Amino acid sequence: MIPESVIKYQDEIWQAIGDTFVMVGISIGAAVLIGLPLGTLLYLFRRGQRYENKPLFTILGSLVNIIRSFPFLLLVVFMIPFTRIVVGTSIGTLAASVPLSVIAIAYYARLVEQALLDVPKGVVEAATSMGASTIQLVVKFLYVEARSSLVLGLTTATISFISYSTVMGIVGGGGVGDFAIRYGYQRYETDIMVFTIIIMIILVQTIQYAGSRLSRWLDRRS
């Protein structure tokens, strides 16, 4: 039976779930649109790769490492001025999506770099011997060979983004985690806390299952 407290706050719960989907959805989009190319550049600029460039690799790698080394809560606060410039406000779901997207880009970029490094050197050598351009090398060889790992990496990253989104209440971002703290913890309503934890578990398990299935399907197509 659903607790009365859950029924009482059902509108707020749905709003929190919607806020979480918005924040995580935007961060996933940023990870794919920016993190994927960034991770690819890190791979291409590495020593021994087609466009070996130590200065650029060092700069990009250091930037990614600095972002990833920030405690996320401090990053949110640190980025408030930048967030205000980007979306016009430092409060709300869209504002919360800005620092979440930044960490998503850095996080996924490293996963992409690692996935591409795992591609056998023979694949790169074969592409080069056939006269493949850089775009062809990346899209038709590297991404195809690493597609299963890229999907698994994005799945892992998405679960991390959900975890990060739970602290977005500091900038009024809302979300399931923020709802659990405000209504479950601060008001001592244990039923609300337990219910929201169950929602998070179901959400994470669903994403992990879907990502793993898709990764296995892509791997079989290799």
Side-chain angles (χ1 to χ4, degrees), residues 9-39 64 67-68 70-80 82-84 86-112 114-115 147 149-185 192-215 218:
Y9 295 117
Q10 59 179 318
D11 291 339
E12 288 85 352
I13 292 174
W14 283 113
Q15 179 65 47
I17 293 174
D19 290 341
T20 295
F21 274 110
V22 169
M23 289 186 289
V24 174
I26 292 175
S27 66
I28 292 174
V32 173
L33 293 176
I34 303 177
L36 179 60
L38 178 58
V64 168
I67 293 174
R68 293 182 64 205
F70 257 87
F72 184 62
L73 192 58
L74 293 182
L75 180 66
V76 173
V77 175
F78 178 77
M79 288 192 62
I80 285 178
F82 176 74
T83 299
R84 191 177 291 115
V86 173
V87 297
T89 180
S90 60
I91 299 175
T93 303
L94 284 179
S97 300
V98 175
L100 192 58
S101 295
V102 170
I103 195 69
I105 291 168
Y107 189 92
Y108 191 53
R110 279 302 185 195
L111 294 177
V112 170
Q114 185 58 56
R147 58 192 174 187
S149 297
L150 292 174
V151 169
L152 277 180
L154 186 60
T155 301
T156 301
T158 300
I159 293 172
S160 296
F161 305 158
I162 293 174
S163 176
Y164 288 141
S165 73
T166 59
V167 302
M168 289 288 73
I170 191 172
V171 289
V176 176
D178 178 54
F179 175 83
I181 293 174
R182 288 189 294 113
Y183 288 87
Y185 176 72
I192 293 291
M193 179 72 76
V194 172
F195 186 76
T196 51
I197 290 174
I198 292 174
I199 290 176
M200 296 293 284
I201 291 174
I202 293 174
L203 183 59
V204 167
Q205 292 297 324
T206 300
I207 292 172
Q208 183 65 64
Y209 175 78
S212 297
R213 287 293 299 271
L214 178 59
S215 175
L218 290 173

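Predicted model only: the values in this text are computed from it and were never measured.
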Candidate pair Asp19 and Gln15, rule side chain to side chain contact (heavy atoms under 4.5 Å, CB included), full reasoning: CA-CA 6 Å; Asp19 290 341; Gln15 179 65 47; 3.0 Å; yes
Criterion side chain to side chain contact (heavy atoms under 4.5 Å, CB included) on Arg84 and Thr89, from CA distance to verdict: CA-CA 4 Å; Arg84 191 177 291 115; Thr89 180; 5.8 Å; no
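- In this structure, Ile197 CD1 and Ile202 CD1 are separated by 12.0 Å, a value rounded to the nearest 0.5 Å.
- Nearest heavy atoms, Val87 versus Ala95: CG2-CA, 3.9 Å.
- Phe78 and Phe70 have tilted rings, their planes meeting at an angle from 30° to 60° on a 0 to 90° scale.
- Taking the side chain as every heavy atom from C-beta outward, Leu94 and Ile26 approach each other to under 4.5 Å.
- Rounding to the nearest 0.5 Å gives a distance of 12.5 Å between OG of Ser149 and CG of Leu154.
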Intermediate values then yes/no, side chain to side chain contact (heavy atoms under 4.5 Å, CB included), Leu203 and Phe21: CA-CA 10 Å; Leu203 183 59; Phe21 274 110; 3.8 Å; yes
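- Residue Tyr107 is tested with Thr156, Ile67, Val64, Val112 for a side-chain contact (heavy atoms from CB on, under 4.5 Å); the sole match is Thr156.
- Among Leu152, Leu150, Thr155, the one residue that satisfies the side-chain contact (heavy atoms from CB on, under 4.5 Å) test with Ser215 is Leu152.
- Taking OG1 from Thr158 and CD from Gln208, the interatomic distance works out to 10.0 Å, rounded to the nearest 0.5 Å.
- If you take CD1 on Ile159 and CE on Met200, they are separated by 10.5 Å, rounding to the nearest 0.5 Å.
- To the nearest 0.5 angstrom, Ile34 atom CD1 is 13.5 Å from Tyr108 atom OH.
- In this structure, Pro99 and Thr83 approach most closely via the heavy-atom pair CD-OG1, 3.9 Å.
- For the atom pair Leu100 CG and Met79 CE, the distance stands at 10.5 Å (nearest 0.5 Å).
- Taking both residues in full, the closest heavy atoms of Ala104 and Ser27 are given as CB-O, 3.5 Å, listed atom of the first, atom of the second, then distance.
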Check against side chain to side chain contact (heavy atoms under 4.5 Å, CB included), Ile207 and Ile162: CA-CA 10 Å; Ile207 292 172; Ile162 293 174; 3.3 Å; yes
